[in-house]
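Hydrogens, waters and symmetry mates play no part in the numbers below; they use all other heavy atoms, side chains included.
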Amino acid sequence: MSHSISSLHIQLIKLSSTVLNYLSKANYTTPEGTNVSTKSILESLLSHQNLNADPQISEAQLHNSIKDFALACALLSSSQSSNHELLSWVPHDLSFVASSAFVEFSRSYCRSDFGERNEKRVSEILGFDCGLVSEEKRLFVELMLEVMPLLKESIKESCIDKCSDGDEISAASARAPVGFAIIAAFQFRWFVSQVDYPHLGKLCNLVIPCGLTALDHWSSEVKGQGMISFVHLARNVHATELGWYEDVILDACCQNMASADEIWHLVVEMSILLATHIQRSNPRSPWFERILNEMLSHLERQPRNTDRRIAWLTFVEPLFHAVGLVLLAHFRRVFPLFFQWMHADDNETVLLVLKQVQTVIRLTWIRNTAYIERLVDELVVLYKEAALKTAREEIRTNVLEILVLLQQCKGLQFQSAWDKHRDDPNLASLSSSLTCDIAA
């Protein structure tokens with residue numbers, strides 16, 4: 001065993017030295033307004049015992065060095081998906097070298113006596129065979145037992161807390177700069193993203209508490225990494241594996257609906273994925289009601305916010321399918337937004353709206369509503385407006401498909417709404433298509 005530990009330590013030093021060499025060549029200036037130096041943190045994590053091989057190194061010492069190496073590689077690897085000033089300076093070649101170094105070490109670790117011994121220990125604690133995970137990712141899984149609580153604590157140190165003697169708010173950021181929480185959030189997201197189905201479900205009790213702490217943070221950057229992690233979680237675990245966290249997670253989704261513009265698309269995607277995943281067999285779930293109302297409230301306050309409406313229209317369809325006919329109860333809020341967005345300046349909004357209008361009609365047959373006539377009128381106006389849009393043909397094709405669908409499901413009510421437009425010379429082609437459809 002001692003030879004195995006010594007060999008692993010030598011390889012760890014070699015790989016760390018390679019990463020450090022690339023790191024030393026990277027241009028770096030500590031961002032203004034913060035005393036958190038990402039480069040110094042990375043150098044500290046990679047400088048195991050000053051990179052001197054120790055034939056007498058203990059298992060505990062080696063394990064701690066491996067953990068630090070993994071945290072450094074996770075941070076460098078995650079930098080490629082960030083524009084944040086704490087990570088944007090990392091060059092692609094440094095990120096690539098770190099990722100490759102970790103994979104190489106992970107394989108050697110898994111094939112060593114030391115790795116096999118730890119694998120058995122961690123498997124017993126987690127309750128599943130870590131040996132089923134690929135060699136490239138097994139070390140990440142094994143380290144989660146220790147890393148997740150550490151990252152959670154690092155994020156929590158700069159959260160905003162309630163004072164124990166009342167309702168007043170105190171900023172924990174006075175104790176720890178937010179930069180440490182941002183770095184920990186990126187490391188957390190990277191660790192989580194390395195594990196997928198079916199293994200991630202076995203780690204929920206480790207991942208979810210840290211993820212909820214990230215969602216509870218005041219920093220948009222920290223929240224965003226937590227949201228990305230929950231999106232990955234929703235796509236890679238069974239709903240039953242979320243256990244007692246279901247309501248807490250969905251409540252966190254609602255609480256975060258007021259997030260900043262730059263991460264609103266993430267909270268929408270996360271909330272819809274988690275809600276439909278957890279409550280998929282219950283269309284009348286109060287969580288569907290609450291989440292949909294929260295989203296609509298924010299959209300009603302900022303109907304002209306292009307990014308928000310596009311994000312919602314892009315991700316909302318699974319939620320519509322999950323609630324089905326219950327959508328009728330939300331028509332009074334949904335359709336006014338649809339009618340306004342149909343005439344937006346950008347083609348993307350218009351096409352997404354038309355897609356979701358079709359979805360709503362197919363799911364509800366828009367029965368017993370007063371929106372048929374208004375919908376026909378708005379579609380006719382849009383058909384004419386499309387003449388000035390670059391996506392003219394695509395928009396008009398979608399409008400025709402919706403009118404045909406209305407014709408099929410509403411019959412006489414549609415005919416009554418269409419009659420006042422039938423003789424409009426600007427709609428001759430549209431009228432001909434609808435007439436042909438009737439004849440067919």
Side-chain angles (χ1 to χ4, degrees), residues 31 33-34 36 38 74-75 78-79 81-88 147-162 169-193 204 206-235 242 245-275 277 287 290-291 294-295 297-299 301-302 305 307-308 310-312 314-315:
T34 180
V36 177
T38 310
L75 185 56
S78 66
S79 67
S81 61
S82 171
N83 292 320
H84 193 275
E85 58 186 1
L86 287 172
L87 293 171
S88 59
V147 169
M148 289 294 112
L150 289 176
L151 296 178
K152 177 187 174 185
E153 189 58 32
S154 184
I155 293 170
K156 190 175 182 180
E157 283 181 350
S158 59
C159 281
I160 296 178
D161 302 324
K162 284 190 176 181
I169 304 299
S170 66
S173 55
R175 301 193 301 269
V178 68
F180 291 123
I182 293 172
I183 286 172
F186 273 93
Q187 291 169 320
F188 164 68
R189 191 264 299 167
W190 185 257
F191 265 88
V192 173
S193 67
C204 283
L206 294 171
V207 171
I208 293 175
C210 189
L212 290 172
T213 302
L215 293 186
D216 196 42
H217 202 277
W218 56 269
S219 164
S220 294
E221 199 69 42
V222 175
K223 283 180 179 292
Q225 296 306 300
M227 291 171 187
I228 294 171
S229 301
F230 271 109
V231 167
H232 182 75
L233 194 74
R235 289 173 173 162
L242 297 177
Y245 290 105
E246 292 181 356
D247 287 347
V248 179
I249 291 172
L250 294 177
D251 182 65
C253 290
C254 294
Q255 295 295 332
N256 278 277
M257 210 62 71
S259 294
D261 286 352
E262 61 264 28
I263 59 170
W264 205 70
H265 65 289
L266 293 175
V267 73
V268 169
E269 182 181 13
M270 173 188 71
S271 300
I272 291 174
L273 271 174
L274 287 167
H277 189 53
W287 285 116
R290 184 178 171 188
I291 286 173
E294 287 281 351
M295 291 178 178
S297 293
H298 286 282
L299 291 166
R301 284 193 287 271
Q302 301 183 61
N305 187 313
D307 292 337
R308 289 201 175 220
I310 286 177
W312 189 72
T314 299
F315 295 116

Practice item. Could you walk me through whether L233 and L242 pass side-chain contact (heavy atoms from CB on, under 4.5 Å), step by step? Key: CA-CA 9 Å; L233 194 74; L242 297 177; 4.0 Å; yes
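- The nearest pair of heavy atoms linking V267 to C253 is CG2-O, 4.0 Å.
- Two residues are said to be in side-chain contact when any heavy atoms from C-beta on lie closer than 4.5 Å; L75 and W190 fail this criterion.
- Put simply, the side chain of E294 does not reach to within 4.5 Å of the side chain of S271, judged on heavy atoms.
- Counting all heavy atoms, side chain and backbone alike, V36 lies closest to P177 at CG2-CB, 3.6 Å.
- To the nearest 0.5 Å, atom CD of residue E269 and atom CE of residue M227 are 11.0 Å apart.
- You'll find the side chain of W287 reaches within 4.5 Å of the side chain of R290, heavy atoms only.
- With hydrogens and angles disregarded, a donor-acceptor distance shorter than 3.5 Å links the side chain of T38 to the backbone of L86.
- The CZ atom of F315 sits 8.0 Å away from atom CD1 of I272, with the distance rounded to the nearest 0.5 Å.
- A 4.5 Å side-chain heavy-atom check between F188 and Q225 finds every atom pair outside the cut-off.
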Exercise for review: Mind running side-chain contact (heavy atoms from CB on, under 4.5 Å) on H265 and V268 for me, showing each step along the way?
Suggested key: CA-CA 5 Å; H265 65 289; V268 169; 5.8 Å; no
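- With values rounded to the nearest 0.5 angstrom, N305 atom CG is found 9.5 Å from I310 atom CD1.
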Exercise for review: Take V207 and S229, measure what side-chain contact (heavy atoms from CB on, under 4.5 Å) needs, and give me the verdict at the end.
Suggested key: CA-CA 9 Å; V207 171; S229 301; 5.7 Å; no
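- Across L274 and A234, no two heavy atoms sit closer than the pair CD2-CB, 3.7 Å.
- Remark: side-chain polar atoms of W264 are paired, donor with acceptor, to backbone N or O of M257 under 3.5 angstrom.
- Scanning all heavy atoms of the two residues, the minimum distance from A260 to R308 falls at C-NH2, 3.7 Å.
- For the pair L215/I249, no side-chain contact is recorded, criterion being any heavy-atom separation below 4.5 Å from C-beta on.
- Listed here is the closest heavy atom pair of A181 and H217: CB-NE2, 3.7 Å.
- Between E157 and F180, the closest side-chain pair of non-hydrogen atoms is not below 4.5 Å.
- Within the model, atoms CG of N256 and CD1 of I263 stand 7.0 Å from one another, a figure rounded to the nearest 0.5 Å.
- The shortest heavy-atom contact between I182 and H84 is CD1-NE2, 3.4 Å.
- Between the side chain of S82 and the backbone N or O of S79, no donor-acceptor pair lies under 3.5 Å.
- Side-chain N or O atoms of S154 include none that pairs as donor or acceptor with a backbone N or O of L150 at under 3.5 Å.
- Rounded to the nearest 0.5 angstrom, K223 NZ and E262 CD are separated by 11.5 Å.
- Judged by distance alone, with hydrogens and angles left aside, the side-chain atoms of D216 form no donor-acceptor pair with the main-chain N or O of L212 at under 3.5 Å.
- The closest side-chain heavy-atom distance from V178 to W218 is below 4.5 Å.
- Residue K156 holds its NZ atom at 6.5 Å from OG1 of T213, rounded to the nearest 0.5 Å.
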